[in-house]
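Quick notes on the structure that follows.
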2 protein chains.
Amino acid sequence: MVGEATVDEAREGLLEELSTVSRRYMASYALFNQAVADHLRLHPTDLQCLNLLTLESGPVTTGRVAELTGLTTGSATRLVDRLERAGYVVRERDASDRRRVLVTMVPERIAEFGQVWRRLGKGWSALFDDLDDSQLGLIIDHMRRTTEFSAAQVARLRAGEV
Amino acid sequence: MVGEATVDEAREGLLEELSTVSRRYMASYALFNQAVADHLRLHPTDLQCLNLLTLESGPVTTGRVAELTGLTTGSATRLVDRLERAGYVVRERDASDRRRVLVTMVPERIAEFGQVWRRLGKGWSALFDDLDDSQLGLIIDHMRRTTEFSAAQVARLRAGEV
DNA sequence: GTACGATCTCTGCGTGGCGCAGAGGAGAGG
DNA sequence: CCTCTCCTCTGCGCCACGCAGAGATCGTAC
């Protein structure tokens with residue numbers, strides 16, 4: 001019993017530590033994103049959006065941009081305005097449904113900050129040098145599950161359940 | 001040689017996957033933070049700040065708030081204004097150096113959204129049930145190192161080094 | 001074909017967070 | 001006492017955002 005208790009306590013301690021570290025981790029990303037955005041003379045939201053667009057397969061609608069970023073459709077329109085003015089994306093009406101507007105990334109322009117990303121990511125992969133593949137897989141899996149969990153919690157919050 | 005090549009490719013694939021998953025992970029946090037902020041009728045920045053304050057040991061100065069959030073000192077002043085008006089923190093001049101203003105959290109008020117956090121975190125710890133302590137430690141360690149790396153990159157970016 | 005409701009995007013407006021630059025007040029050294 | 005520096009606050013302008021309604025297009029029923 002004593003043994004189990006101490007094991008649980010150790011476990012609690014680890015989870016507590018993880019909670020703390022997670023928050024610092026997130027905070028550091030916010031600062032990082034801000035710094036990169038400043039460097040590229042972009043609004044943080046705009047950079048975040050470009051980031052998300054690179055994760056999508058093919059063009060997306062303005063409405064989808066709103067979903068991805070959590071903005072209203074009106075604000076998404078303005079966001080696409082800025083990105084288009086800056087030359088990162090182009091608008092084109094969907095031929096099959098002319099109400100919709102497809103946002104397509106401009107490869108050359110995206111490649112530009114791909115360069116910045118790569119330079120910044122130089123030391124990043126070194127962080128994993130002493131990890132084997134299974135450990136890498138563990139981290140990937142954890143992030144994936146956390147992302148799903150987070151999305152579910154967001155849905156609950158928006159539904160006003162919590 | 002062929003063997004090594006495929007191993008490297010597998011490794012590349014894992015890192016590529018991690019890169020993708022990381023970005024989704026970060027994006028989901030941004031949405032989560034936004035959703036929680038909406039729920040608490042707070043600005044995302046304000047919530048983020050409170051989050052960071054709970055990670056600090058004891059009161060912090062307004063200047064420190066600026067550092068933590070990445071805002072200018074002027075905006076940090078306004079941020080503390082909002083938090084104070086909402087009752088989450090109190091200001092008091094530092095007795096030993098009367099130029100400085102110490103920002104102290106109001107425990108009762110913080111406890112309130114501690115409740116929300118706990119309810120949302122209910123299923124969170126379940127994400128780790130099938131992980132043993134060493135695996136947990138691995139994730140903690142990874143986050144810690146990434147946080148440090150990120151801070152270094154931010155410093156480089158701000159210094160204009162890229 | 002027409003009418004009607006639903007869906008998608010855009011636009012005018014007001015609010016408010018943010019950076020910037022300078023003011024005000026407090027400490028440190030000559 | 002003077003100056004130099006440091007910390008915080010304030011006035012100002014900019015612009016991202018939400019909101020609500022307009023405009024355009026699609027689907028469906030008649």
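Within 3.5 Å, a donor on the side chain of A:Arg78 pairs with an acceptor on the base of C:dG12, or the reverse. No hydrogens or angles were tested; on distance alone, a donor-acceptor pair under 3.5 Å links the side chain of B:Arg99 to the base of D:dC6.
When rounded to the nearest whole Å, the span between CG of A:Asp94 and P of D:dC26 equals 9 Å. In this structure, A:Glu84 places its CD atom 14 Å from P of C:dT9, rounding to the nearest Å. As a whole-Å value, the separation of A:Gln34 CD from C:dG17 P is 16 Å. As a whole-Å value, the separation of A:Leu42 CG from C:dC18 P is 18 Å. With rounding to whole Å, A:Leu71 atom CG is found 17 Å from D:dA20 atom C1'. A:His43 places its NE2 atom 11 Å from the C1' atom of D:dC14, with the value rounded to the nearest Å. In this structure, B:Glu92 atom CD and D:dT8 atom C1' are separated by 16 Å, rounded to whole Å. C:dA28 atom C1' lies 15 Å from atom CZ of B:Arg100, rounded to whole Å.
With hydrogens and angles ignored, the 3.5 Å screen pairs a side-chain donor or acceptor of B:Thr147 with a backbone N or O of B:Met143. With hydrogens and angles ignored, the 3.5 Å screen pairs a side-chain donor or acceptor of A:Ser22 with a backbone N or O of A:Leu18.
Not one side-chain nitrogen or oxygen of A:Thr73 sits closer than 4.0 Å to the OP1 or OP2 atom of C:dC10. Using a 4.0 Å cut-off, some side-chain N or O of B:Thr45 falls inside it from OP1 or OP2 of C:dC18. Phosphate contact (OP1/OP2 of C:dC18, side-chain N/O of B:Ser75, threshold under 4.0 Å): absent.
Across A:Arg109, A:Arg78, A:Arg91, a single residue satisfies salt bridge (charged side-chain N to carboxylate O under 4.0 Å, His left out) together with A:Glu84, and that is A:Arg91. Of the candidates B:Asp133, B:Asp132, B:Asp129, A:Arg11 forms a salt bridge (charged side-chain N to carboxylate O under 4.0 Å, His left out) with just one, namely B:Asp133.
A:Arg64 comes within 4.0 angstrom of no nucleic acid atom, judged by non-hydrogen atoms across all strands. Within 4.0 Å (heavy atoms only), A:Gly63 reaches sugar-phosphate atoms of the nucleic acid but no base atom. At the heavy-atom level, A:Leu79 lies nowhere under 4.0 Å from the strands shown.
Closest to the side chain of A:Arg98, from the set D:dT25, C:dT9, D:dT8, is D:dT25.
Two residues, A:Gly70 and B:Leu102, neighbour DNA chain D, and the one matched to the more 5' nucleotide by heavy-atom proximity is B:Leu102. Along DNA chain C, the nucleotide nearest A:Thr77 and the nucleotide nearest B:Arg82 are compared for position; the residue whose nucleotide lies closer to the 5' end is A:Thr77.
Linking Ile, Leu, Val, Met, Phe, Trp and Tyr whenever their side-chain heavy atoms come within less than 4.5 Å leaves B:Val90 and B:Val101 in two separate clusters.
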